[in-house]
Q: 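Okay, here's the structure, questions in a sec.
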There are 2 protein chains.
Amino acid sequence: MAIAPSLTPQELAIMKVVWRLGTATVRDVHDVLRRERREDLAYTTVLTMMRILEQKGALSKAQDGDSRAHRYRPVRTQRQVMRSMVREFVDRVFDGAAEPLVAHLVSDRRLSASDRDEIRRLLDAKDAKDDKEG
Amino acid sequence: MAIAPSLTPQELAIMKVVWRLGTATVRDVHDVLRRERREDLAYTTVLTMMRILEQKGALSKAQDGDSRAHRYRPVRTQRQVMRSMVREFVDRVFDGAAEPLVAHLVSDRRLSASDRDEIRRLLDAKDAKDDKEG
DNA sequence: TCCTAAGTACTAAGTAGTTAGTAGTCATGG
DNA sequence: CCATGACTACTAACTACTTAGTACTTAGGA
């Protein structure tokens, strides 16, 4: 099992549901996806994807207490996985340079004024941290 | 042809070379990739990929002046394509919310102090622009 | 007890992405 | 004038991703 296996788009969609629920059975995930997405996946499709995620080491599996179903749990936090995916994206698309990506985001009308204030706070905090650490 | 066809990783790698060169033949791109990458692709692989990119509408093709080779030219600028790819990524991974992505980037040690200053300038410019536009 | 519902494992098949071989064209230098 | 080298088009094959069917298991109610 790789340390940080990358997730395909559909795998990510499933992981997001599991993160939100904390832990989940195949049934849980299937119900949520059925409710929230246009095209609905077959139950066995979700089953297969969760088995793959378990093989990849993204989910761990345990017997559910009261039913025969497996209960899955994320191995890494959403934050950790997002971080890997951002790194991979920055490397692939921006050759590792994060600043041009931020520039795109800032100029692209997807940030509100309060988002911008929040980012300033993060930047300031980072400055302070760097100062402290030398 | 879709307005903004998404690019696969290898297609993007080729597009980057063409953007850098302005226009390019298959030979040009192959030479650059051979020089800059570990594993080298066969000439015909690059040829096939560029044909696909032309079919997708990412490259346009014209006869080169003095040789029989095709000369390819990007249809959209790198900036435009990057922007689409960022949008797609933000949608897929962050459900459309750009701010959490910026938060990741800021906290992830990939931004230098001067990068942070540059981002502040961009944020300020955006504020000013929004004020002016109401 | 035995049928049904819910669950799993296994398997298959279709689509997309990647890589590269083969055959054919054509200009040109010997 | 024809062989060679550079080029293209076509085709194929392999890998990864996505989707879902089929067969099997088992708990629990009629």
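These figures come from a predicted structure and were not determined experimentally. Below, all heavy atoms of this structure are taken into account, side chains as well, without hydrogens, waters or symmetry copies. Note on naming: letters A, B, ... go to the chains in the order of the sequence lines (proteins, then strands), and numbering restarts at 1 for each one.
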Q: For H70(A), enumerate each residue passing the ring-ring contact (aromatic ring centres under 6.0 Å, His included) test, keeping only those at least two apart in sequence or located in another chain.
A: none
Q: What bend angle does the helix from dT1(C)-dA30(D) to dG30(C)-dC1(D) show across its length, from five-pair end axes and to the nearest 10 degrees?
A: 30°
Q: Quick one: side chains of residues 91-98 of chain A, donor-acceptor pairs under 3.5 Å with protein atoms, not counting sequence neighbours, listed by atom name and distance.
A:
residue	atom	partner	partner atom	Å
D91(A)	OD1	R110(B)	NH2	2.9
D95(A)	OD1	K16(B)	NZ	2.8

Q: Salt bridge (Lys or Arg N to Asp or Glu O under 4.0 Å) with E118(B): which residues, sequence neighbours excluded?
A: R121(B)
Q: Got a sec, which residues hit side-chain hydrogen bond (donor to acceptor under 3.5 Å, both in side chains) with R20(A), two or more places apart in sequence or on another chain?
A: E36(A)
Q: Could you tell me which residues satisfy side-chain hydrogen bond (donor to acceptor under 3.5 Å, both in side chains) with S107(B), sequence neighbours excluded, listed by chain and number?
A: R83(A)
Q: Sequence neighbours excluded, which residues qualify as side-chain hydrogen bond (donor to acceptor under 3.5 Å, both in side chains) partners of R87(A)?
A: D108(B)
Q: The criterion is side-chain contact (heavy atoms from CB on, under 4.5 Å); which residues satisfy it with T77(B), sequence neighbours excluded?
A: R79(B), Q80(B)
Q: List in chain and number order the residues that pass salt bridge (Lys or Arg N to Asp or Glu O under 4.0 Å) with E99(A), two or more places apart in sequence or in another chain; answer none if no residue qualifies.
A: none
Q: Dump the pairs, protein N or O against N or O of nucleotides 11-19 of chain C, anything under 3.5 Å, distances to one decimal.
A:
residue	atom	partner	partner atom	Å
dT18(C)	OP2	T8(B)	OG1	2.3

Q: Name the pairs: protein N/O against N/O of nucleotides 1-6 of chain D, kept only if under 3.5 Å.
A:
residue	atom	partner	partner atom	Å
dA6(D)	N3	R68(B)	NH2	2.9

Q: Which residues pass the side-chain hydrogen bond (donor to acceptor under 3.5 Å, both in side chains) test with R120(B), sequence neighbours left out?
A: D124(A), D127(A), D117(B)
